[in-house]
Every structure is written in C-alpha cells, then in structure tokens.
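Remarks on the structure that follows.
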Amino acid sequence: MTASLATIVLTGITPVGLDGQGAPLIGLADAVAEGPRVTEPAGRHWYSISETKELVSIRVSLEEEIELQFLVSAVEEIWHDAGDVPRRSVSYGAPRFLSPEDEDAFHAAGLATSYDAESRISVEMASDDYRFATALSGSSEEIESTLRRRIGGLGDRRMEEVRLLQLTAELIQVHADDPLMRAQILRVIADIPGILVLSNARNVVVSIDYVDGDRPLRLMYEFDAGTAHLVGEYLASLATQSEPATVLRSARHSLPAPLGVSGS
C-alpha cells in the first residue's frame, strides 16, 4: 500500500502545464473569482470530509532496539457556517501493520493504549485561530503580509515558506464557501518562493521540497482545477541513496457541500 501511495504522490499526475512561478494558480484564481456566486439559506452549513493515512515509524527497545512501522487512518468531518466556529469530528481506525513482525513488536511494546482503535473525538476549532482566519480581507498582498507576520521567527527561510503553504491550504478550507477569498489565497500561494506547480484538466498540484533534520521531504497540495477546493494533500520522504521514497501522510478531501447539520 505504501509503495502505491508513493507512486501517486511522486509521479501520479501528468503535467499539462509546468510553471515554477505559479501561472496555473493565477489562471485558476481568475476563473474562480469570475465564477458564479451561491448564497445558501440560513441554517445551512458547509460540510467537508477527509480521510488521512499516516505512516508511523517508532523505535522501540525489546530484546534489541528496532524500528517498527504501521499505518494510522483517520476520518475528519467539519461543519461550519459564516461567523460560527467550525465543529470538527475525528474518527480513528485501528492500526494497520506492514508485517507480522511489526504487529508483534507493536503489542510487545505496549503501544495499543496509545493508538486506541475506533476512537472518536469531537472538538471545536480554536476560536482565536478561526477569528484570525475569517478576519482576513483585502488584496493578496495584504493577506500575505498578515500571514507572514503570523509565522515570522521560525528561523529558517524555507520552513517559513513551508508553513506559509500549510496555512494557505488550511485557509482554502475555511473559506470553502467564499470564491473571492479562495482566489486571493491562490494568488498568495503563487508568489511563494520555491514552489513547483503541476496542472492538468482536473487538478492543480503545488509542491515544495525541504529538509527536516537529514530527511528530504516533499509537501504537496492538490486543488480542483474548476473550483480551487482542496481535494488532496501529501507529505513524502524523497528517495536517498540509503532509503526509497515513502509516503508519510496522505489525505483525500471531498468537495465541500452545503448541508443541514445532521450530526456532531
């Protein structure tokens, strides 16, 4: 399963347009900004759902120190309406093991209580973060300036660009019902130094490479080429002389839909 995910992340999209300066994003932003407006009646909430798979690697000491790996899955649902703090529900699945040896080591190390199967957590998005996210307005330059002030001081310029890309992807979800804001956020992404943009008729994929410790990583976000909604995200460890490429985390997002509140 991991190998197939790595193929999707690293080679799975055939580029029709390739532009390191973000031209496909600008074109998508213009199209989204000029698109139709949809006003939902009061009491209707935007709903989104995503499924995440994360490859967890843990070093444990049994008879000897070993590194075991397993997949952890989660389903996240979000309901939100303009002016309301979003409600988020996360359901975790049972760990899936890559080998019987990993499963035996997992139980021998007593990790079952830390990765409780089928648990469900309902939380509200931090109100301060949500007020910040919904208070953004103005031009893309003003939005970028606000975001850079928020992430300033990380100490490493490339990590600031990575964090900026992460924040903008989160904001695309928060503003799922506001095409003008999505368009402005896309223009911010297009100006991030070091990004690579791949596009085809269905998707626009933005990636940035960086190093965490001694591990080369690639962070990728996939946007629908018609609506600019976030539909996928991936974090991959790139191949080195000693290790193959590996997907550490992947998520698929549904397109948001206006639905009545039917659960929590």
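The structure presented is a predicted model; accordingly, all values stated were derived computationally and were not measured.
Here the closest heavy-atom approach between residue Ile172 and residue Ala228 is recorded as CG2-O, 3.4 Å. Considering every non-hydrogen atom in both Ile208 and Pro193, the closest pair reads CD1-O, 4.1 Å. Scanning both residues, Asp224 and Gly226, for their nearest heavy atoms gives OD1-N, 2.8 Å.
For Val211, there are no side-chain contact (heavy atoms from CB on, under 4.5 Å) partners, not counting sequence neighbours.
Atom CZ of Arg158 has more than 12 neighbouring heavy atoms from other residues, nucleotides or ligands inside a 6.0 Å radius.
Counting heavy atoms from C-beta on, the side chains of Leu248 and Leu217 come closer than 4.5 Å. Annotation: side chain of Tyr221 is in contact with side chain of Leu230 (closest heavy-atom distance under 4.5 Å). Residues Leu219 and Val162 meet the side-chain proximity criterion, which asks for heavy atoms closer than 4.5 Å. At least one side-chain heavy atom of Leu147 sits less than 4.5 Å from a side-chain heavy atom of Thr168. Using a 4.5 Å heavy-atom threshold, the side chains of Val75 and Val90 count as separate. Side-chain contact check for Ile189 versus Leu165: some heavy-atom pair is nearer than 4.5 Å. Here the side chains of Pro216 and Thr240 are in contact, with some heavy-atom distance below 4.5 Å. In this structure the side chain of Leu196 never reaches within 4.5 angstrom of the side chain of Val206, judged on heavy atoms.
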Below 3.5 Å, can you tabulate the donor-acceptor pairs from side chains in residues 179-188 to any protein atom, sequence neighbours excluded?
unit_1	atom_1	unit_2	atom_2	d
Arg182	NE	Thr227	O	3.1
Arg182	NH1	Ala176	O	2.7
Arg182	NH2	Thr227	O	3.1
Gln184	OE1	Arg187	NH1	2.9
Gln184	NE2	Gly138	O	3.1
Arg187	NH2	Asp30	OD1	2.8

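Side-chain contact of Asn203 with Glu222: a donor-acceptor pair under 3.5 Å is present, judged by distance alone. Side-chain atoms of Arg150 and Thr146 form no donor-acceptor pair, as typed in the model, at a separation below 3.5 Å. A donor atom on one side chain and an acceptor atom on the other are not found under 3.5 Å apart for Glu51 and His253. There is no side-chain donor-acceptor pair under 3.5 Å between Tyr210 and Arg215.
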Could you walk me through whether Arg148 and Glu161 pass the salt bridge (charged side-chain N to carboxylate O under 4.0 Å, His left out) test, one step at a time? CA-CA 9 Å; Arg148 287 197 176 278; Glu161 310 305 353; 2.8 Å; yes
Which is it for Glu65 and Val60 under the side-chain contact (heavy atoms from CB on, under 4.5 Å) test, yes or no, and what are the steps along the way? CA-CA 6 Å; Glu65 187 176 69; Val60 297; over 6 Å; no
Under the criterion side-chain contact (heavy atoms from CB on, under 4.5 Å), I'd like the reasoning laid out for Val205 against Val197: C-alpha separation, chi angles, the key distance, then a yes or no. CA-CA 6 Å; Val205 178; Val197 182; over 6 Å; no
Take Leu164 and Ile151 through the test side-chain contact (heavy atoms from CB on, under 4.5 Å) and record every step on the way to the result. CA-CA 7 Å; Leu164 181 58; Ile151 64 175; 3.9 Å; yes
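Taking CG from Leu71 and CZ from Arg96, the interatomic distance works out to 6.5 Å, rounded to the nearest 0.5 Å. Asp102 CG to Ser99 OG: the interatomic distance, rounded to the nearest 0.5 Å, is 3.5 Å. For the atom pair CD1 of Ile49 and OG of Ser254, the computed distance is 6.0 Å after rounding to the nearest 0.5 Å. Rounded to the nearest 0.5 angstrom, His107 NE2 and Leu68 CG are separated by 10.5 Å. Arg218 CZ to Ser207 OG: the interatomic distance, rounded to the nearest 0.5 Å, is 5.5 Å. Separating the CD1 atom in Ile195 from the CG atom in Leu25 is a distance of 5.5 Å, to the nearest 0.5 Å.
In this structure, Arg163 pairs ionically with Glu170, as a charged nitrogen and a carboxylate oxygen lie closer than 4.0 Å. Under the 4.0 Å criterion applied to side-chain N and carboxylate O atoms, Arg88 and Glu77 are not assigned as salt-bridge partners.
Taken together through direct or relayed side-chain contacts under 4.5 Å among Ile, Leu, Val, Met, Phe, Trp and Tyr, Ile66 and Phe106 form part of one hydrophobic cluster.
Screening residues 232-245 for salt bridge (Lys or Arg N to Asp or Glu O under 4.0 Å), with sequence neighbours left out, gives no hits.
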